[in-house]
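Let me begin by presenting the structure, written as structure tokens, before commenting on it.
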Protein chains: 2
Amino acid sequence: MNALELQSFLRVQQVRVENLLRSRAEPLESSGAPVRLAEAMRYSLLAGGKRLRPILCLVFADTLMPQGSSMHVAEDAACALEFVHTYSLIHDDLPSMDDDDLRRGRPTSHKVFGEAMAILAGDALFSEAFVLLASGTEPVRSSLCRELAVSSGATGMVGGQVLDIAEDRPAQLDYLKRLHRLKTGALVRAACRMGVMAAGGSEDALARADSYGDAIGLAFQIADDILDVTGSAEAMGKPVGADAAAGRHTFPAVIGLEASWVLAERKVSEALAAVEPLEGKDGPLAALARYMVERNR
Amino acid sequence: MNALELQSFLRVQQVRVENLLRSRAEPLESSGAPVRLAEAMRYSLLAGGKRLRPILCLVFADTLMPQGSSMHVAEDAACALEFVHTYSLIHDDLPSMDDDDLRRGRPTSHKVFGEAMAILAGDALFSEAFVLLASGTEPVRSSLCRELAVSSGATGMVGGQVLDIAEDRPAQLDYLKRLHRLKTGALVRAACRMGVMAAGGSEDALARADSYGDAIGLAFQIADDILDVTGSAEAMGKPVGADAAAGRHTFPAVIGLEASWVLAERKVSEALAAVEPLEGKDGPLAALARYMVERNR
């Protein structure tokens, strides 16, 4: 799959995810939830974005699912992942955290709905993620709940955000890697793993999904840091240089731009090696891994 | 069970819950979570409190569990409920919400750890609740996750908090009932239901737990409102008159003090009728229901 084919593949997957998210968000309207809360949840959930986590989950499930099996559990998992990712973005943008006014080119939740409602919309999306995952009788759902809970919590995403806002962040590569392995990596890894779990994949496939997710999670973050230095506001959906302006350590700032590219490319190689036995040469997961560093070069 | 026996029963149950919470919170320390985050989570989790939700869950499970069965799932559920309740208190106290400086007689989380860390400690406790519930192979765990997720989300606890901070709150009994059925009632009902579910109770028992939880949830809130008017800061663990000062509608303000008592007592009667077939006359659940309105009379 070359870059052009991947673009078209991703567009198809994004439409697929948008449709799934709409179908899973629709019941909220008629659920008896306060109208303004449902609005705030939909505002952030349906604001576009790359949909990387649900796509990873679905592609791993597509790759490993026995032909003719139902994708329903994988689809619930994909949506639950994006619910959690969306909740984390809403909270990260809050005045007491990153204090961002723009997200995906639109005003952030607290700018539109106020700070209290933004916090609560995030909280409610988090609950809904587990409603989705836990509704159904398939035994794997409980394992999926555990995976999502661990990866989103104190030893995962939230732990990473704590490291990211800490005042005594050392400008060291090890710290930066740990921070991003928790803050973004944990949920990306979970996305890959949950796709395998939903498809009933083997322990070997699960371990490979784990390695792949870890590698592309880091590659993606390095590329994001590089974009923050070299990219355009349009490509980013947020102001350029925001990370540097916020006094945030980035890979280019800590190890230099060229070493950042080298590290990102090593991670891509690790990702390719992990998934080749699963999808053969040149499948979508390999193309996605290469895309992590190619999108802005 | 008279009031004195109930007091001693509740003390025993509270010690039981404290021990369970400590055992479930301990792994956090060595989990690789950022130290300050683990501290903030423990600070709020182990700050005492009535532990009403976990006690309800445990007592329902005690009542319905076949002799000799393991209470492990019920204990996980009890702790998960208190994790979620604690997270909700941390977020409710935030400057953009109720802006409270004191909780259970101690400075609130954001006063001690800062606003960002308080938000994240709440978020992480929410994740950990589902880690607890989903860790284990018992098939009921997935249903317990669903119950907790639904009751804590947009059509439950968070939805209630949204109604509570809305600017256009009508001073009407129906609105007040709906608000509290969501804000506190949903999780109290879930506590009762989850105890029954963990014990493998019947559909009839589940429906009775539901009615009981709904009735005492409302009775408890009415009593709390009455305490805010008539109680002492010591009994409340927060300043007296805080609700009224915050311009919050209370049952006494909307229907008067005497009608509030009458409503609370009717709810207690409903609760007693619901649980008598489960525990016989004069069991701990009946005593607890009576205690809801008697604690300050």
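Hydrogens, waters and symmetry mates are skipped; everything else that's a heavy atom, side chains included, is used. Residue numbers start from 1 in every chain, and the chains themselves are labelled A, B, ... in the order their sequence lines are given, proteins ahead of strands.
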Pick from [options]: which one has the most heavy-atom pairs with chain A under 4.5 Å?
| options | answer |
| --- | --- |
| B:C145, B:A121, B:P34, B:A118 | B:P34 |
| B:S143, B:S127, B:A40 | B:S127 |
| B:L120, B:V84, B:L125, B:L163 | B:L120 |
| B:A154, B:S88, B:A124 | B:A154 |
| B:A129, B:P95, B:A33 | B:A33 |
| B:S142, B:G153, B:G114 | B:S142 |

Grab the two heavy atoms, one from [X] and one from [Y], that are nearest each other, plus how far apart they are.
| X | Y | answer |
| --- | --- | --- |
| B:S151 | B:L187 | OG-CD1, 3.7 Å |
| A:Q221 | A:F251 | CG-CE1, 4.2 Å |
| A:A78 | A:C57 | N-SG, 3.8 Å |

Item to complete: Please determine if B:R169 and B:D164 form a salt bridge, counting it only when a charged side-chain N lies under 4.0 Å from a carboxylate O.
Response: no
Worksheet entry | Under-4.0 Å salt bridge between B:K111 and B:D93 |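 Here B:K111 does not pair with B:D93 in a salt bridge, since their nearest N and O are not under 4.0 Å apart.
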Item to complete: Decide yes or no on salt bridge (Lys or Arg N to Asp or Glu O under 4.0 Å) for A:D210 and A:R189, but give the supporting numbers first.
Response: CA-CA 5 Å; A:D210 199 286; A:R189 265 176 58 215; 3.1 Å; yes
Which portion of [X] sits near chain B, non-hydrogen atoms under 4.5 angstrom:
| X | result |
| --- | --- |
| A:L28 | side chain |
| A:I165 | side chain |
| A:L94 | side chain |

Item to complete: Assess A:R106 against A:Y43: is NZ or CZ under 6.0 Å from the centre of the six-membered ring, and within 45 degrees of the ring's axis?
Response: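 Satisfied, under 6.0 Å and within 45°.
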Item to complete: Tell me, please, whether A:F60 has A:R193 positioned over its six-membered ring: NZ or CZ under 6.0 Å from the ring centre and within 45 degrees of its axis?
Response: no
Practice prompt. May I have all residue pairs that pass side chain to side chain donor-acceptor pair (under 3.5 Å) and include part of residues 27-38 of chain B, sequence neighbours excluded?
Written response: B:R36-B:E39
Below 4.5 Å from any heavy atom of chain A, which atoms of [X] appear? Answer side chain, backbone, both or neither.
| X | result |
| --- | --- |
| B:M157 | neither |
| B:L133 | neither |
| B:Q161 | both |

Item to complete: Measure from the side-chain N and O atoms of B:S69 to the backbone N and O of B:M65, and report whether any donor-acceptor pair falls under 3.5 Å.
Response: no
So which residue, [options], ends up with the most heavy-atom pairs under 4.5 Å with chain B?
| options | value |
| --- | --- |
| A:G159, A:G32, A:A116 | A:A116 |
| A:H91, A:R178, A:H110 | A:H91 |
| A:L37, A:T155, A:D123, A:V131 | A:D123 |

